[in-house]
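Beneath this line is the structure, given in structure tokens, with notes to follow.
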Amino acid sequence: MKLSDFSIVFSIIALCLFTITDIKNELLYKNIIENARYNNIFDNAVEDALRAGFKDIDSNGKPIIDKEEVVNYLFKELSMSFNLNTFMEDYYYDVVRVMIITTEEGFCCYNFAENKFDKLINYSNGIETKHEDKINQMLLFIEDNYNILQYIPYNNGEDNINTIENYSLLLLYEGYDNIIGGKNYYNYCFSGAAIQVNTTLSE
């Protein structure tokens, strides 16, 4: 085989390798864009649902939240955002794995089998429970009851502005599938929104 023949073979192999790399990079880029869009829709839906469920402040300065309104608004918005209609609401009941509303005293989880929130689970030391202990208690509950290990960065409630507040809506849902190298990778995502009692959210 002549030297020129070797050059042609090498060029063909190199061209194939570059083409494969470009395809993989393009798929990875599309996955990143789709993931960002997917998560952004859930983030917005959680915030809008909590805003819709927030009705007033009681005489003790605590938010009054209509939990049923939160649920209805959340799944309607998810269906509208992804499908431009509301008849796909039931599908997103399967996508969302855990939904929690927190208060000063504890947290309650949505029971998808009975279509209602369960009783409030009190924090270990009530309203005196440290912020990191509240998070750990919720994480342990999710792991024990849903078999999902979720990581939330440690903080004491003051060091990080993006934290779990006393009055929050938290959502754990199935993430957008990642297709890399011809394989599907599944993941869970976390979205949350909080009511700041010292702000005028209703305005």
Side-chain angles (χ1 to χ4, degrees), residues 25-56 63-103 107-118 135 138-139 141-142 145-153 160-180 183-197 199-203:
N25 288 339
E26 184 177 353
L27 288 174
L28 182 59
Y29 177 76
K30 287 182 178 179
N31 282 331
I32 292 172
I33 296 299
E34 287 300 318
N35 264 316
R37 174 181 173 273
Y38 184 84
N39 294 336
N40 187 58
I41 288 175
F42 271 92
D43 287 342
N44 290 336
V46 169
E47 183 178 344
D48 292 342
L50 184 59
R51 189 183 299 273
F54 170 69
K55 299 305 178 183
D56 205 349
I64 299 173
I65 302 173
D66 185 335
K67 297 184 180 69
E68 184 176 349
E69 177 69 17
V70 169
V71 175
N72 292 336
Y73 197 98
L74 175 70
F75 290 105
K76 277 186 171 60
E77 178 162 334
L78 287 175
S79 184
M80 285 296 299
S81 297
F82 285 110
N83 307 104
L84 302 180
N85 55 62
T86 59
F87 70 80
M88 289 289 291
E89 287 181 51
D90 291 344
Y91 168 77
Y92 297 102
Y93 277 86
D94 295 328
V95 173
V96 176
R97 297 296 304 277
V98 185
M99 178 161 42
I100 294 176
I101 286 182
T102 68
T103 70
F107 62 95
C108 55
C109 292
Y110 188 73
N111 187 323
F112 288 92
E114 299 182 7
N115 293 322
K116 66 176 184 179
F117 278 93
D118 289 331
I135 291 178
M138 278 190 284
L139 293 181
F141 179 87
I142 292 173
N145 291 271
Y146 299 93
N147 197 31
I148 299 174
L149 182 61
Q150 181 73 13
Y151 173 73
I152 298 177
N160 188 350
I161 191 170
N162 295 316
T163 187
I164 293 177
E165 298 287 347
N166 286 330
Y167 299 92
S168 301
L169 171 63
L170 310 173
L171 210 67
L172 190 61
Y173 56 94
E174 294 179 8
Y176 198 85
D177 298 351
N178 289 320
I179 304 174
I180 302 175
K183 295 181 180 180
N184 281 4
Y185 293 86
Y186 304 97
N187 61 81
Y188 292 102
C189 300
F190 181 83
S191 290
I195 295 176
Q196 298 278 356
V197 294
T199 62
T200 54
L201 181 62
S202 59
E203 294 184 0

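The residues of the chain are indexed from 1 along the displayed sequence. Values reported hereafter were calculated over all heavy atoms of this structure, with side chains retained and with hydrogens, waters and symmetry mates removed. Everything numeric in this text was worked out from a predicted model, so none of it was measured.
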Partner set under ring-ring contact (aromatic ring centres under 6.0 Å, His included) for Tyr73, not counting sequence neighbours: none
side-chain contact (heavy atoms from CB on, under 4.5 Å) between Leu74 and Leu171, worked out: CA-CA 10 Å; Leu74 175 70; Leu171 210 67; 3.9 Å; yes
With Asn40 via side-chain hydrogen bond (donor to acceptor under 3.5 Å, both in side chains) - residues at least two apart: none
Residue that, paired with Val70, satisfies side-chain contact (heavy atoms from CB on, under 4.5 Å) out of Val46, Asp48, Leu169: Leu169
Taking every non-hydrogen atom, the tightest pair across Met99 and Phe117: O-CE2, 4.0 Å
Backbone N/O of Ala113 and side chain of Lys116: donor-acceptor pair under 3.5 Å: no
Donor-acceptor contact below 3.5 Å, side chain Ser81 vs main chain Glu77: yes
Aromatic ring pairing Tyr110/Phe112, orientation class (parallel under 30°, perpendicular over 60°, tilted between): perpendicular
Derivation of the side-chain contact (heavy atoms from CB on, under 4.5 Å) call for Leu50 and Ile195: CA-CA 8 Å; Leu50 184 59; Ile195 295 176; 3.8 Å; yes
Asn147 atom CG, neighbour heavy-atom count above 12 within 6.0 Å: no
Nearest heavy-atom neighbours spanning Leu170 and Gly192: CD2-CA, 4.2 Å
Test item: Lys67 and Cys108 side chains (from C-beta on) under 4.5 Å apart, heavy atoms: yes
Whether Thr102 side chain and Asn166 backbone form a donor-acceptor pair below 3.5 Å: yes
Residues forming a side chain to side chain contact (heavy atoms under 4.5 Å, CB included) with Asp118, sequence neighbours excluded: Asn111
Within the 6.0 Å centroid threshold, strictly below: Tyr188 and Tyr173: no
